[in-house]
Structure formats: structure tokens, C-alpha cells
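Report on one structure; see the data block that follows.
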Amino acid sequence: MKLKTLLAAATFAVASVSALDSSACSLVSYQGDSSLVIVGRSLDWKTPIPTNLYVYPKGMKKVGNNTPDAVKWTSKYGAVYAVSYDGGITEGMNEKGLAVNGLFCKGTVYVNPETEGRPAMSLAVFVAWILDNCATTQEAIDEISKQDFTISGATFDGGTVSTLHWALNDAQGNSAVFEFDHGNIKVYNNDSVRVFTNDPTYPQMIAINNYWKGIGGTNMLPGTVKSPDRFVRAAFFEKNVSKTADASIGVAITRSIIMNVSVPYLYTVNGEPNVSSTQWRSFSNLRDKYYYFEPVTHLGVIYVDLKKCDLRKGAPVMKLTVANAADAVGCANKLLVPTAPFTPMY
């Protein structure tokens with residue numbers, strides 16, 4: 001296919017997806033040497049999303065909602081959660097090296113007539129349910145695919161509905177994406193699942209990326225903040241970076257890709273009042289169990305070393321208030337303090 005035809009097809013495909021994203025997030029799973037896996041993501045939104053870090057031990061009894069029919073479980077694994085508004089878990093990593101990351105997807109529909117009436121599961125704790133019960137991507141897929149729950153969630157930020165899809169990555173390097181398509185769960189897990197953004201759905205995104213593969217990233221890459229453009233850029237860079245076993249270099253590589261697909265802070269466009277900008281970035285080292293967090297308004301990157309946290313049954317929940325760590329850099333375990341569990345926004 002001629003270059004002009006490829007360009008026209010790619011341009012049409014992107015234009016038909018959406019205008020500028022009002023909810024823009026990006027994710028890349030870096031696969032290094034010696035089992036090094038780094039999952040990096042940006043969290044983009046039109047206004048700041050206050051997010052704190054919580055470390056939960058294993059052995060805690062939990063519920064999926066505040067209704068009598070809610071899903072109930074006791075956590076098998078300890079984990080670190082990124083909790084937005086101190087009310088809902090956006091993402092996290094458990095002690096086995098499983099990471100779950102939620103990104104916006106406007107086309108998500110959680111429920112259909114067949115799934116209504118199943119045990120209640122709130123989006124506020126959905127990520128915890130997966131991390132608490134599953135050690136690997138495949139275990140998570142098996143559990144999620146049963147779909148023996150009805151998922152729902154409170155609105156936030158002036159009535160915004162949390163329409164999400166999720167990435168799964170484990171310490172063995174296995175990746176997957178799952179989405180709710182008109183109430184039915186669709187899972188995509190193969191070797192190409194290394195990059196993830198927002199709309200459209202994952203199969204459509206792969207099709208758009210395939211157009212740009214024909215053009216060749218060394219010749220041209222799409223440069224806007226739209227979700228397909230960010231996907232294409234991240235996918236090209238992920239395929240063309242060096243592999244390393246050094247965790248610090250691996251984080252640097254992943255961070256550089258995520259920065260390339262981040263949206264400038266306080267980015268605005270005339271006529272588009274809801275355009276998002278990157279609020280924070282995170283990086284999960286699934287081999288060594290480090291969870292890095294980088295608010296864009298802070299001077300440095302902090303991380304929680306999950307191996308040095310007390311995750312035994314009966315240990316206290318610990319919290320790192322991110323706003324109090326503006327000048328912190330490096331290991332932030334000493335900033336964790338005992339706290340009550342957060343109150344989910346069911």
C-alpha cells in the first residue's frame with residue numbers, strides 16, 4: 001500500500017474514534033532481561049485527582065459493596081494501592097508481583113439484563129478484589145471470567161461516571177487487557193499486549209496501530225494527545241528500546257516512554273474545555289516489588305518497597321499521604337504511617 005494511502009487510512013481511523021480525549025491515560029509494560037518487568041502508566045485528567053498510597057496486609061475481610069448481597073472475601077495477599085480521593089482504588093501491585101491498572105474507556109458498559117442481580121461489586125474496590133485473590137495474570141483472568149458479580153460505581157468530580165477498562169501484568173511477564181462490552185467481559189491476552197490507552201476498544205486500537213506499522217515509526221509517528229496517537233507512539237518505542245536486567249535502567253526506559261505519551265501539565269486547547277493533562281505517573285517493578293509514584297507537581301519520584309512492608313495478617317494498614325511528600329525522593333517506606341482503612345465511595 002502506498003504511503004499516501006496508509007496516511008489517509010490512519011488519519012480517517014483516528015478521526016473517526018474521538019475528538020481530543022477528556023480522559024487520557026497511557027500504559028506500557030516493559031519486558032527486560034532476567035525477569036525484569038516494569039509497568040508504567042500516566043494518569044491524565046482535566047482536574048487534579050488527589051491520590052494517596054495505602055499498604056494493606058493479607059488476611060483482611062472485605063466486601064465489594066455496602067449492600068447485603070455484596071461480594072465478600074478475605075485477602076490472600078498484601079498489596080499497595082493507589083487510592084484516588086481516598087475513596088477508590090485506581091491501580092495497585094501485590095506481593096506476588098501482579099499489577100492491575102484501570103484506564104478510562106468511554107465505550108464501557110458494565111451491565112446487561114443477564115448480569116443484573118449478581119452479587120454487588122463496586123469499582124472502588126474492584127482492583128483490590130483482584131490483587132487480594134490472584135497471584136498471576138492467568139489466575140486473574142480465570143476469576144474475572146466467571147463474572148459472578150455486578151459491577152457499579154459512584155460518580156466523582158461533578159458527576160463523572162467511571163467507565164474503565166484494565167490491564168493485568170504479572171512477574172512472569174504475562175499481560176492481558178479486559179473490557180466490559182455491553183455487560184460481557186472480553187479478555188485479550190497475547191504477546192502483543194504491552195501498550196494500553198483509552199478509546200477505542202482494544203481490537204480497534206490494534207487495527208489503528210497496524211496502519212502505522214506500515215508507515216514505519218522511523219519515518220513518522222502521530223504526535224497529538226489523542227488516545228490512538230499515544231498508543232502508536234508507545235507501541236513503537238516499546239518495541240525499539242534496549243533490554244536490561246538493571247531495575248534502575250528499566251524504570252528510566254519505561255519512564256521515558258511514558259513521558260513521551262504524557263500530556264503537558266495544564267494543557268489547554270481553545271474550544272476543548274475538558275482536555276486532560278497528566279496528573280501523575282506510576283511504575284511497578286514486578287520482579288523486585290517496588291511501586292514508584294511520581295506526581296507531576298513534585299520534584300522527584302518516590303517508591304514503596306513492598307518487600308520491606310509488614311504484610312502479615314493482623315498488621316496495620318499503612319498510608320502515605322502524597323501531598324506531604326512533595327520534596328521526597330527515593331524509598332518512601334519511612335513516610336508510611338498506620339491508618340484506618342480508607343472508606344470506599346460505593
Side-chain angles (χ1 to χ4, degrees), residues 24-30 36-45 47-56 78-95 97-104 124 127-128 131 166-167 169 171 196 247-263 265 276-309 311 317-339 341-342:
C25 305
S26 305
L27 179 144
V28 62
S29 176
Y30 171 78
L36 180 64
V37 180
I38 308 290
V39 180
R41 68 86 53 86
S42 64
L43 187 288
D44 304 351
W45 192 243
T47 57
I49 295 184
T51 303
N52 293 313
L53 307 185
Y54 284 77
V55 176
Y56 272 56
V80 55
Y81 310 137
V83 182
S84 296
Y85 300 103
D86 273 346
I89 302 173
T90 301
E91 64 175 32
M93 178 186 72
N94 69 17
E95 61 181 298
L98 176 67
V100 182
N101 305 81
L103 282 70
F104 265 80
V127 168
L131 292 175
W166 291 266
N169 287 274
F196 194 36
S248 60
I249 299 299
V251 169
I253 290 170
T254 310
R255 189 181 177 206
S256 66
I257 296 174
I258 290 298
M259 282 186 162
N260 187 278
V261 295
S262 294
V263 182
Y265 191 55
S276 295
S277 59
T278 298
Q279 305 294 329
W280 51 260
R281 290 176 282 260
S282 70
F283 306 92
S284 300
N285 177 340
L286 306 185
R287 183 190 69 185
D288 303 317
K289 314 305 186 293
Y290 293 158
Y291 179 79
Y292 298 80
F293 197 76
E294 180 191 14
V296 297
T297 55
H298 288 200
L299 296 177
V301 182
I302 58 175
Y303 69 89
V304 172
D305 183 346
L306 201 57
K307 301 188 306 300
K308 295 182 178 179
C309 294
L311 304 177
V317 174
M318 305 293 284
K319 178 182 180 181
L320 192 161
T321 302
V322 172
N324 296 339
D327 297 328
V329 178
C331 185
N333 283 46
K334 61 182 179 297
L335 300 178
L336 291 163
V337 298
T339 186
F342 75 91

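- For Asp86, the salt bridge (charged side-chain N to carboxylate O under 4.0 Å, His left out) test picks out Lys319, with sequence neighbours left out.
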### Task
Report the C-alpha separation of Ile258 and Phe283 in whole Å, then their side-chain angles, then the decisive distance to 0.1 Å, and conclude whether the side chain to side chain contact (heavy atoms under 4.5 Å, CB included) test is met.
CA-CA 10 Å; Ile258 290 298; Phe283 306 92; 4.1 Å; yes
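- The OH atom of Tyr290 lies 5.0 Å from the OH atom of Tyr303; values are rounded to the nearest 0.5 Å.
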### Query
Can you list the steps and then say if Val317 with Val55 is a side chain to side chain contact (heavy atoms under 4.5 Å, CB included)?
CA-CA 6 Å; Val317 174; Val55 176; over 6 Å; no
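- For the pair Tyr85/Pro50, a side-chain contact is recorded, criterion being any heavy-atom separation below 4.5 Å from C-beta on.
- Rounded to the nearest 0.5 angstrom, Met318 CE and Leu311 CG are separated by 10.5 Å.
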### Task
Please lay out, stage by stage, how His298 and Glu294 fare under the test side chain to side chain contact (heavy atoms under 4.5 Å, CB included).
CA-CA 7 Å; His298 288 200; Glu294 180 191 14; over 6 Å; no
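- With a 4.5 Å cut-off on side-chain heavy atoms, Leu336 and Val304 count as touching.
- Panel note: side chain Ser277, backbone Val263; no donor-acceptor pair is recorded below 3.5 Å.
- In this structure, CD1 in Ile38 is found 3.5 Å from CG in Asn285, a value given to the nearest 0.5 Å.
- No more than 12 heavy atoms of other residues, nucleotides or ligands lie within 6.0 Å of NZ in Lys308, so this atom counts as exposed by the packing criterion.
- Among residues two or more places apart in sequence or in another chain, the ring pair (Phe, Tyr, Trp, His ring centres under 6.0 Å) test is passed with Phe293 by Trp280.
- We find the CD1-CG distance between Ile302 and Asn333 to be 10.0 Å, quoted to the nearest 0.5 Å.
- Side chain to side chain, Asn52 and Thr321 fail the donor-acceptor criterion of an N or O pair below 3.5 Å.
- For the pair Phe104 and Trp45, the minimum side-chain heavy-atom distance is below 4.5 Å.
- What you find for Ala99 and Leu286 is that their closest heavy atoms are CB-CD2, 3.7 Å.
- Listed for the Thr51 side chain is a donor-acceptor partner under 3.5 Å among the backbone atoms of Ile49.
- Of all heavy-atom pairs between Cys331 and Asp305, the closest is SG-CB, 4.5 Å.
- Here the CG atom belonging to Leu43 is positioned 8.5 Å from the OG1 atom belonging to Thr278, to the nearest 0.5 angstrom.
- For the pair Leu306 and Ala79, the tightest heavy-atom approach, listed with the atom from each and the gap, is CD1-C, 4.2 Å.
- The shortest side-chain heavy-atom distance between Ser262 and Arg281 falls under the 4.5 Å cut-off.
- Between Asn260 and Ser256, the closest side-chain pair of non-hydrogen atoms is not below 4.5 Å.
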### Task
Decide yes or no on side chain to side chain contact (heavy atoms under 4.5 Å, CB included) for Asn324 and Leu335, but give the supporting numbers first.
CA-CA 9 Å; Asn324 296 339; Leu335 300 178; over 6 Å; no
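- Thr339 places a side-chain heavy atom less than 4.5 Å from the side chain of Tyr54.
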With a 3.5 Å cut-off and sequence neighbours excluded, list the donor-acceptor pairs that the side chains of residues 87-95 form with protein atoms.
residue	atom	partner	partner atom	Å
Thr90	OG1	Ser84	OG	2.8
Glu91	OE1	Arg41	NH1	2.5
Glu91	OE1	Asn101	ND2	2.7
Glu91	OE1	Ser282	OG	3.4
Glu91	OE2	Ser282	OG	2.5
Glu91	OE2	Tyr291	OH	2.4
Asn94	OD1	Lys96	N	3.0
Asn94	OD1	Gly97	N	3.2
Asn94	OD1	Leu98	N	3.0
Asn94	ND2	Leu131	O	2.9
Asn94	ND2	Cys134	O	2.8
Glu95	OE2	Gly78	N	2.6

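- Side-chain contact between Ser26 and Phe196 is absent, with no heavy atoms from C-beta onward closer than 4.5 Å.
- We find the OG1-OH distance between Thr254 and Tyr30 to be 7.0 Å, quoted to the nearest 0.5 Å.
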